[in-house]
Every structure is written in C-alpha cells, then in structure tokens.
2 protein chains.
Amino acid sequence: MENKKYECPLRFTMDLIGSKWKSLVLFHLLKGGMRSGELQKTLKDISNKMFTQTVRELEEDQLIQRRIFPEVPPRVEYELTPLGKSLEDILIQMDDWGRNVIEDIKKER
Amino acid sequence: MENKKYECPLRFTMDLIGSKWKSLVLFHLLKGGMRSGELQKTLKDISNKMFTQTVRELEEDQLIQRRIFPEVPPRVEYELTPLGKSLEDILIQMDDWGRNVIEDIKKER
DNA sequence: CTGTATCCTATAGGATACTG
DNA sequence: CAGTATCCTATAGGATACAG
C-alpha cells in the first residue's frame, strides 16, 4: 500500500477498493469473518484465480486479514481489519444508493 | 443504464462510478459545471480518448449533463445531474477516507 | 478444502494524427 | 476548442488442470 501513488485521495481509495471484486469482498465480510470457500461462494461467478488474487491484494493493503487454522482438511478464514471496517459506512451507502437507483428504474416502467 | 445487470446493488454502483476516471470526473464537478477543456485539465494524465469515453458514459448513465453553447470557437460544459449530485456524500467520504489513510502512512515514518 | 500455475481472450487505456 | 479515428500494448480476468 505504501508504494501506491496518491495523486488524489479519492483516486487512492478507488485504487484500493475499486476493482471488480474488492468492494464486494469487503461488503460481504461486514457481517463477520468467513471461511474461504464460503466467501468465494457468495461472490457467484468469480473465478478461482480472481478470488485468490483479490483477497491477496486486500490483505497486502491491510483491509482484510487471513487466518489459517491448522486442521485437516485445511481451513482458512478471512475477516476485516480495523482499517477495512472503517470502510463500512461507505460500502453500505454505495449499496443503498445502488438499490435506490435500481428501484427508481423499475418504477419508471 | 437500464440494460446494466444488477446482481448486487453495490456492484451496480461500482459499475457506474468504479472505473479509473469516472469518480474523479464526478468529484471535480461537485463544485459546479466546468468547461470541457478545463475539466480535462484537472484530470492530469487522462488521454483524449479516455476523457471523451468517460464523459459519454457518465452522460448515458445520466450522472452528468452535457451543454453545448453555439459559439465560435465551440464551447461545451459538463455538470452534474441531480442523480450525479446524489453521489456527493459518497464521493466526499471516499476522498476523506483516502486522505486519512495517506496521512497515517506518512506518520508511520 | 485451499490454493497455484498456465493458457488464452477481451477489454482498458495510451499515443498520435486528424476534422469541424 | 472539442471531438473522432486508429493503432497498439498492457492488463484484467476466465477456464482448466493440478498440488498440498
């Protein structure tokens, strides 16, 4: 994260959460930590590769944390860090905004 | 906009404002309408192609409006629509969030 | 179950030149 | 000034197969 350029703060934020899956991952983790497979399932349609890549980058940026349980079969859980949680209001507002717009579009028919 | 799929509201929102330049354009228009060239200049580093593409899509999605003044030389201004303005809180919060994180990173050195 | 490694395609996006 | 048209490269991202 330290090596990301930060021309404009908004751009910086969008770099962190603006990619296709990142905001969704964070959003789904708002309710609490989740097991890897479970998280991936909630993201319907995400490829295996993108899932791994997305959580790895979010972890690098310290927005989520990865916990490994030494069990068999292996078990991994992801949860928000305090920094990740600090995005809660923004994520919820974006979700609400989208829901309202969608509703309005439906009404127009 | 009507033809965008809306699996998840948050995803819908991100589709509208999550691309590289869109949120920046909206953000810079919060203070009021701007002339095309002026707007493009504030976005430092945006290519001609991407600028046109970005404002066209934002216009299609009814987040900004394009006004043409019949003058010579030609003059075009862009401004937020009511729908675009309704994103103000979100945009400002994302900008604030980014600024705070950047500050924290700097302090750590 | 969790994750890695390839391969492949589609798209994003920049540079440049040109038009009304 | 505002915008279009090409061409080109880099990256995003999916599908599949495989490993611990």
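In what follows, chains are A, B, ... by sequence order, proteins preceding strands, each numbered from 1.
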Identify whether any heavy atom of B:Y78 sits under 4.0 Å from a base atom; if not, whether one sits that close to sugar-phosphate; answer base, sugar-phosphate or nothing.
sugar-phosphate
For the pair made of CZ in A:R67 and C1' in C:dC1, what is the distance, rounded to whole Å?
19 Å
When rounded to whole Å, the CG to C1' distance for the pair A:N48 and C:dG3 reads 7 Å
B:E57 CD - C:dG13 C1' separation (whole Å):
12 Å
CD1 of B:I46 versus C1' of C:dT16: gap in Å, rounded?
16 Å
Between B:F51 (CZ) and C:dA15 (P), how many Å, whole number?
16 Å
Please determine, for the side chain of A:P73, which listed nucleotide (C:dT2, C:dC1, C:dG20) has the closest atom?
C:dC1
I'd like to know if the side chain of A:S36 and the backbone of A:V76 have a donor-acceptor N/O pair within less than 3.5 Å.
no
Using whole Å, report how far NZ of B:K44 lies from C1' of C:dG14.
18 Å
Taking only the side-chain nitrogens and oxygens of B:S36, find out if one of them lies under 4.0 Å from OP1 or OP2 of D:dG3.
yes
Distance check needed: C:dG3 P versus A:L39 CG, whole Å only.
10 Å
Residues A:I17, A:F27; criterion side-chain contact (heavy atoms from CB on, under 4.5 Å); working and verdict
CA-CA 10 Å; A:I17 68 171; A:F27 187 71; over 6 Å; no
A:P9 and B:V101, any side-chain heavy atoms less than 4.5 Å apart
no
Which residue, A:I68 or B:Q53, contacts DNA chain C at a nucleotide closer to its 5' end, judged by nearest heavy atom?
A:I68
Residue met sooner reading DNA chain D from 5', once B:K49 and B:K41 are mapped to nucleotides:
B:K41
Within less than 4.0 Å of OP1 or OP2 of D:dG3, is there a side-chain N or O belonging to B:R66?
yes
Is the backbone of A:W21 close enough, under 3.5 Å, to the side chain of A:T54 for a donor and an acceptor to pair up by distance?
no
B:T52 near the nucleic acid: base, sugar-phosphate alone, or nothing, with a heavy-atom cut-off under 4.0 Å?
base
How long is the straight-line distance from CZ of B:R11 back to CG of A:D45, given to the nearest 0.5 Å?
7.5 Å
Quick check on D:dG14: is either OP1 or OP2 less than 4.0 Å from any side-chain nitrogen or oxygen of A:K20?
yes
Mapping B:E38 and A:W21 to their closest nucleotides on DNA chain D, which lands nearer the 5' end?
B:E38
Whole-Å gap separating P (C:dT2) and CZ (A:R56):
12 Å
Between C:dT2 and A:R35, is there an OP1 or OP2 to side-chain N/O distance shorter than 4.0 Å?
yes
